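Notes follow once the structure below has been shown.
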Amino acid sequence: MKESRPIVLTLAALRFTAGALVATEAPLKLDVVAAGLSWILVTAGVYLTNASSDVVSDTINHKRRPLAQGQISTRQVNVAAICTFAGALLIGSFFGPAFLVVLASMGTLGVLYSIGPRPGKNHFFSAGLIVALGIFLPYAGGSLAAHGEIRPPALIGGLVCGAWAAMASVSKDFADLAGDKADGRVTLPVLLGLRNASQVAAGGSTLIALLALGCTLIPGLKGLWVLWLGTCAFAAVCGMSRKQNSRFSLGTPYRIFMMTQLSTNGALITMATAALTIPTP
């Protein structure tokens with residue numbers, strides 16, 4: 001379970017729920033929960049595949065993952081990944097071809113990111129593109145499951161959050177320089193150095209957060225103001241991290257990145273739910 005990263009599964013569920021709720025005028029049907037389960041399963045499969053492919057770099061970077069610490073085998077992780085992918089597709093098949101295509105696309109992106117002759121994770125550009133699409137797709141999937149179409153608030157919100165995550169997720173590589181170099185990856189910190197990479201992450205995410213602030217004027221997307229607040233903290237900590245070398249300080253921007261995602265999606269869901277339950281005067 002730890003290899004599939006529970007916090008990431010929580011985020012997948014929140015994004016999916018936000019995509020379903022931001023453009024709804026009525027309470028969601030119960031079957032959307034089953035569709036959400038398929039999304040959690042495909043996300044688990046993606047991260048199990050990634051864990052299996054990262055065992056060398058995770059060991060060098062002293063990651064506290066069961067696979068890197070030898071507590072479980074690569075074969076066990078691979079079997080679990082296949083089972084979760086199969087379960088996701090089985091459940092997703094009940095929600096129509098469009099939903100199944102989006103769900104399968106999520107799984108395919110995850111596999112392309114981690115394995116193959118040229119894994120997407122090995123270069124910052126392909127990694128960023130896959131991250132952006134991988135963040136967008138749960139919003140699209142939630143909207144499709146709830147409404148049979150990708151409605152504009154889910155489309156716009158998903159694209160903005162995806163673009164922001166592509167920039168801010170660079171922070172994950174700040175503390176992983178040794179392992180990434182050993183694994184042959186061309187991440188921004190490897191290519192530009194920590195100082196320049198942190199400036200790119202802070203500056204790029206701030207520009208996109210400004211766009212998100214403008215999107216709060218769109219009905220259903222008022223919760224995006226939380227993304228702006230989190231980005232202010234993220235940019236400030238990026239500036240401090242590049243002046244320090246401890247693993248804790250280098251990992252702080254990534255922790256803020258994750259917390260910003262949790263709080264932003266929580267705000268989107270809370271405000272959408274309030275709009276359904278509190279009558280308009």
Side-chain angles (χ1 to χ4, degrees), residues 1-17 19 35-92 102-116 119-122 126-142 158 161-162 165-166 168-173 175-176 179-180 183 185 187 251 254-255 257-262 265:
M1 180 64 178
K2 188 177 179 180
E3 285 294 356
S4 62
R5 300 187 62 194
I7 189 170
V8 171
L9 300 185
T10 301
L11 272 171
L14 289 174
R15 292 184 192 116
F16 186 91
T17 305
L37 176 60
S38 73
W39 208 274
I40 292 172
L41 286 173
V42 79
T43 304
V46 165
Y47 278 86
L48 287 168
T49 303
N50 180 252
S52 179
S53 71
D54 277 353
V55 64
V56 173
S57 59
D58 283 349
T59 302
I60 293 172
N61 289 324
H62 305 291
K63 293 291 184 72
R64 296 178 181 176
R65 292 184 177 181
L67 185 56
Q69 294 180 333
Q71 298 173 13
I72 54 176
S73 68
T74 302
R75 183 179 181 277
Q76 288 175 306
V77 172
N78 289 339
V79 169
I82 292 170
C83 290
T84 54
F85 280 136
L89 293 174
L90 178 62
I91 297 171
V102 171
L103 184 71
S105 297
M106 180 69 182
T108 303
L109 281 172
V111 171
L112 291 174
Y113 179 88
S114 297
I115 60 177
K121 66 181 181 179
N122 282 358
S126 55
L129 180 60
I130 292 173
V131 166
L133 291 172
I135 298 295
F136 163 72
L137 286 175
Y139 297 97
C161 289
S169 63
V170 171
S171 60
K172 182 179 184 294
D173 302 322
D176 292 344
D180 287 343
D183 217 15
R185 299 184 193 177
T187 65
Y254 183 67
R255 285 187 281 273
F257 163 67
M258 295 298 286
M259 291 305 299
T260 299
Q261 292 183 86
L262 288 167
N265 285 286

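Please read all numbers here as calculations on a predicted model, not as lab measurements. These values consider heavy atoms only, across backbone and side chains, with no hydrogens, waters or symmetry-generated copies.
Ser126 meets the side-chain contact (heavy atoms from CB on, under 4.5 Å) test with His123; sequence neighbours excluded. Listed by chain and number, the residues in a ring-ring contact (aromatic ring centres under 6.0 Å, His included) with Phe85 amount to none (sequence neighbours excluded). Partners of Ala35 under the side-chain contact (heavy atoms from CB on, under 4.5 Å) rule, at least two apart in sequence or in another chain, are Phe16, Phe95, Phe99, Ala145. Every residue two or more places apart in sequence or in another chain was checked for a side chain to side chain donor-acceptor pair (under 3.5 Å) with Asp173, and none qualifies. With sequence neighbours left out, the side-chain contact (heavy atoms from CB on, under 4.5 Å) criterion links Ala127 to Tyr113. With sequence neighbours excluded, no residue forms a side chain to side chain donor-acceptor pair (under 3.5 Å) with Thr187.
In this structure, Thr84 contributes its side chain and Ala81 its backbone to a donor-acceptor pair below 3.5 Å.
With rounding to the nearest 0.5 Å, the separation of OG in Ser169 from CD in Gln261 is 8.5 Å. Atom CZ of Arg15 and atom CG of Leu137 lie 10.5 Å apart (nearest 0.5 Å). Rounded to the nearest 0.5 Å, atoms SG (Cys83) and CG (Leu48) are 10.0 Å apart. Rounding to the nearest 0.5 Å places CG of Asn265 at 11.5 Å from OG1 of Thr10. Within the model, atoms CG of Leu103 and CD1 of Ile91 stand 9.0 Å from one another, a figure rounded to the nearest 0.5 Å. With values rounded to the nearest 0.5 angstrom, Tyr139 atom OH is found 8.5 Å from Leu14 atom CG.
Between Gly134 and Leu109, the shortest heavy-atom contact is N-CD1, 4.2 Å. Here the shortest heavy-atom pairing between Pro138 and Ala12 reads CB-O, 4.4 Å. Summarising the geometry of Leu41 relative to Gly87, their closest heavy-atom pair is CD1-C, 3.9 Å, with the distance given to 0.1 Å. Here the closest non-hydrogen pair linking Val42 and Ala88 is N-CB, 3.6 Å. A pairwise comparison of heavy atoms in Ala166 and Gly128 identifies CB-O, 3.4 Å as the closest pair. Minimum heavy-atom separation, Gly92 to Ser38: N-CB, 4.0 Å.
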Pair Phe257-Val170, side chain to side chain contact (heavy atoms under 4.5 Å, CB included): steps then yes or no: CA-CA 10 Å; Phe257 163 67; Val170 171; over 6 Å; no
